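Beneath this line is the structure, given in structure tokens, with notes to follow.
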Amino acid sequence: MDADVPGTVLKRERTRDAVLELIESRSPGDAIPSERALCALLGVSRPTVRAAVDELVAAGLLVREHGRGMFVAPAKITQELVSGDRALSVPQAAGAWSSRLLEFTTLQAGARVGRKLRMSPAAEIVYVARLRLVDGAPMAIEHLHIRAELVPGLSAQELESGDLYEHLRATHGVHVHEAVQAIEPTVVTRAEAGLLDVPELSPALLFERLTSDTTGRPVEYVHSLYRGDRYRIVSRLALGPAAEVAPDREGHHPGIPPGDFAHGDAIASSTRGDIQAAG
């Protein structure tokens with residue numbers, strides 16, 4: 001259908017909204033009517049329905065399965081960001097999070113990580129790569145770089161159980177205080193696509209985070225790659241004073257192992273103008 005024909009854009013938009021309403025009234029994995037059935041139901045042409053469906057598939061809201069039909073896609077994992085200058089905990093992301101360790105080793109920091117952690121490129125760090133899963137489905141690849149001097153004896157089991165910051169606090173007296181995090185869009189490589197079970201060059205969100213202790217010393221540098229089709233960022237903007245609410249300290253935060261900041265070590269979170277919320 002020619003987009004220049006009067007009413008075409010509005011018709012496509014209304015068709016998209018009608019299909020979206022069908023999606024929102026169903027659960028993930030539920031089937032929706034075929035394109036032919038939707039044409040009859042909505043009283044529009046096949047190209048109009050197909051354009052709406054294509055858009056919703058690209059947005060990660062619908063899944064096409066050859067020979068089977070169309071189904072409601074798995075729900076996106078939502079992470080909320082909160083603005084403000086006070087120290088607070090970042091609200092948890094949804095889902096049951098787990099980890100699979102990909103790599104665990106000690107090596108030299110190198111120039112770039114050394115600059116991030118304000119240490120010699122020849123100084124040692126603990127490098128950890130792990131796959132993060134939500135309800136058993138791959139969601140992110142996380143790369144952690146930690147000052148080796150702070151974590152002698154750190155084990156893979158501690159990382160799997162999410163006790164890194166508890167280990168720092170209880171064993172070494174290191175209290176994390178602040179995390180500065182940046183978010184930007186990117187695409188996945190072939191290797192990353194294989195781990196995340198998505199096509200090569202699929203959209204993704206890149207998180208980079210630098211965590212410091214109460215003295216301002218960098219403790220940990222993390223960069224994480226999150227699936228763009230399953231992860232969503234929502235910003236809550238404070239427009240006035242509100243009553244103090246005890247933060248929920250359970251759950252997962254991007255790049256932060258579950259259980260971190262569980263002992264009152266808060267994250268200073270702010271929404272910056274150069275970081276856009278992904279929808």
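Note that this is a predicted model, so its numbers are computed, not measured.
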Is it true that the side chains of Arg112 and Tyr221 contain a donor and an acceptor less than 3.5 Å apart? yes
Please, which pairs that meet salt bridge (Lys or Arg N to Asp or Glu O under 4.0 Å) have at least one residue in residues 51-64, sequence neighbours excluded? Arg16-Glu55, Glu35-Arg64, Asp54-Arg64
For Leu22, is there any backbone N or O sitting under 3.5 Å from a side-chain donor or acceptor partner on Ser25? yes
Modelled atom types, side-chain donor and acceptor of Tyr127 and Gln108, under 3.5 Å: no
Indicate the atoms forming the closest heavy-atom contact of Ser98 with Arg132, along with that distance. O-NH1, 2.8 Å
For the backbone of Leu150 and the side chain of His172, can you confirm whether one donor and one acceptor N or O come within less than 3.5 Å of each other? yes
Passes side-chain contact (heavy atoms from CB on, under 4.5 Å), Tyr231 versus Met139? Steps please. CA-CA 8 Å; Tyr231 211 80; Met139 184 61 55; 4.0 Å; yes
Count the heavy atoms of every other residue, nucleotide or ligand shown that sit under 6.0 Å from CZ of Arg100, and state whether that count exceeds 12. no
Looking at residues at least two apart in the chain, or sitting in another chain, which of them share a ring-ring contact (aromatic ring centres under 6.0 Å, His included) with Phe71? none
Are Leu38 and Ile23 connected in a single hydrophobic cluster, I mean Ile/Leu/Val/Met/Phe/Trp/Tyr linked by side-chain heavy atoms less than 4.5 Å apart? yes
Give a yes or no on whether a salt bridge exists between Arg209 and Glu220, defined as a side-chain N under 4.0 angstrom from a carboxylate O. yes
Would you give the length of the straight line joining atom OG of Ser202 to atom CG of Asp229, rounded to the nearest 0.5 angstrom? 6.5 Å
Spacing of CG belonging to Leu117 relative to CG belonging to Leu210, to within rounding of 0.5 Å: 6.5 Å
Would you say Glu65 has more than 12 foreign heavy atoms packed within less than 6.0 Å of its CD? yes
Thr189 backbone acceptor or donor facing Glu192 side chain under 3.5 Å: yes
Looking only at atom types and distance, does a side-chain atom of Arg130 sit under 3.5 Å from a main-chain N or O of Ile141, one as donor and one as acceptor? no
In one Ile/Leu/Val/Met/Phe/Trp/Tyr side-chain cluster, 4.5 Å: Leu20, Val53: yes
Considering all heavy atoms, the nearest Val63-Pro74 contact: CG2-CD, 4.4 Å
Just checking, any donor-acceptor pair under 3.5 angstrom between side chains of Thr48 and Arg12? no
